[in-house]
Amino acid sequence: MKVLNIGSMNLDYVYSVDHIIAPGETQATYGMNVFLGGKGINQSIALAKAGVDIYHGGMIGEDGQVFLDACREHGVHDEFIRTIDEKTGHTIIQVDKDAQNCILLFGGANQSLTEEYIDEVLEHFEAGDILLLQNEVNKLDYIIDRAYDRKLVIALNPSPYNEKIEVCDLSKISIFLLNEIEGAQITGLTEPDDILASMRKRFPEAKIVLTLGKDGARYSDKDCEYEQPIFPVKAVDTTAAGDTFTGYFLAGLIRGMEIPDILRMSAKASSIAVTRNGAVQSIPKREEVEAALSAD
């Protein structure tokens, strides 16, 4: 089994602020850092740090060499990353004194995937391999259709949720990893029980992971359902919490772990990540997560 992630790579410009800025307001920041981010590369590096052999695909500009360096540093296969004549994607992120954030996203090279490129990359993967996707690259519907034709197992984090998700055939998804906002956007419902019931009805064969912030996470499939509380910590930056959870959850599935153990490991990894600034830099390695679990 091989694992491929066709996903975004963003330079994250992170500003520390007292509060999230209001319309028309000018506010001085008390810190600024540039981090590597993008849901795609965050999740690939989370998978790599969790011990998975992961291939990353996507586009960067000439200003994106740092992503190739990061892939090589963290053990992510980078041969499917292409450098093109376009600015690398970037974000403007505000992080307030309570560690809440808001994000402004410029897609850049992430929005330059072609059907020819997608076909070329997928040729290297076969039935039973896992494809992880988010919604920060273009041609998501085409990727899903072609991957399904090749009988890949498709895992989707439908973030950010917008009209591009709505044109995708979500019946082709085997694993959904979403938060309560995305769950509400897909189902039109707000209560976790209702979201899960609606998702199970629409996608009866899929595995569904619903993260709920301070209320932990829920898992549901046609056979079982589990809940996982958070590990309370003092958060400083929640930017990569969901991406860390996604990477560790898929890593647990690939290793054949039981769902309750996967959820516990994923929650612990996320709890470590939010105590650190940045995205890629904040994601812990599996050995650290296992040691922390053993110490509990």
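- Side-chain atoms of Ser8 come within 3.5 Å of backbone atoms of Gly40 as a donor-acceptor pair (strictly under, hydrogens ignored).
- Between the side chains of Asn179 and Tyr161, no donor N or O sits under 3.5 Å from an acceptor N or O.
- Residues passing the ring-ring contact (aromatic ring centres under 6.0 Å, His included) test with Phe106 are His90, sequence neighbours excluded.
- Closest of all the heavy-atom pairs between Ile272 and Pro284 is CG2-CB, 3.7 Å.
- One side chain, Asp63 or Thr88, offers a donor N or O that lies under 3.5 Å from an acceptor on the other.
- A salt bridge is defined here as a Lys NZ or Arg NE, NH1 or NH2 lying under 4.0 Å from an Asp or Glu carboxylate O, and Glu290 with Arg255 meets this definition.
- When all heavy atoms are compared, the tightest approach of Ala269 to Tyr248 is CB-CD1, 3.6 Å.
- Counting heavy-atom neighbours within 6.0 Å of Asp169 CG, excluding the residue itself, gives a total above 12.
- No more than 12 heavy atoms of other residues, nucleotides or ligands sit less than 6.0 Å from atom NZ of Lys285.
- When each of Asn110, Asn42, Thr91 is checked for a side-chain hydrogen bond (donor to acceptor under 3.5 Å, both in side chains) with Asn10, only Asn110 meets the rule.
- Smallest separation of non-hydrogen atoms from Gly183 and Thr187: O-OG1, 2.8 Å.
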Original post:
Can you list the steps and then say if Phe80 with His124 is a ring pair (Phe, Tyr, Trp, His ring centres under 6.0 Å)?
Top reply: CA-CA 10 Å; Phe80 300 123; His124 296 271; 5.0 Å; yes
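- Side-chain N or O atoms of Asn157 include none that pairs as donor or acceptor with a backbone N or O of Gln134 at under 3.5 Å.
- Taking the six-membered ring where tryptophan is involved, the planes of Tyr55 and Phe125 are perpendicular, since the angle between them exceeds 60° and thus also 30°.
- Counting all heavy atoms, side chain and backbone alike, Phe35 lies closest to Asn277 at CZ-CB, 4.1 Å.
- Contact between His56 and Ser44 at its shortest, heavy atoms only, is ND1-OG, 2.7 Å.
- In this model, a donor atom of one side chain and an acceptor atom of the other lie less than 3.5 Å apart for Gln65 and Asp69.
- Ion pairing of Arg146 with Asp149 is present here, as a side-chain N (NZ or NE/NH1/NH2) and a carboxylate O approach within less than 4.0 Å.
- Shown here are the salt bridge (charged side-chain N to carboxylate O under 4.0 Å, His left out) partners of Glu120, two or more places apart in sequence or in another chain: Arg82.
- Under the 4.0 Å criterion applied to side-chain N and carboxylate O atoms, Lys222 and Glu205 are assigned as salt-bridge partners.
- Side-chain polar atoms of Asn5 and Gln43 form no donor-acceptor pair below 3.5 angstrom.
- No more than 12 heavy atoms of other residues, nucleotides or ligands sit less than 6.0 Å from atom OH of Tyr148.
- Salt bridge Asp78/Arg72: present, at least one basic N to carboxylate O contact under 4.0 Å.
- More than 12 non-hydrogen atoms from other residues, nucleotides or ligands lie less than 6.0 angstrom from NZ of Lys2.
- Summarising the local packing, CD of Glu258 is surrounded by 12 or fewer heavy atoms from other residues, nucleotides or ligands at distances under 6.0 Å.
- Nearest heavy-atom pair across Asp296 and Lys268 is OD2-NZ, 2.9 Å.
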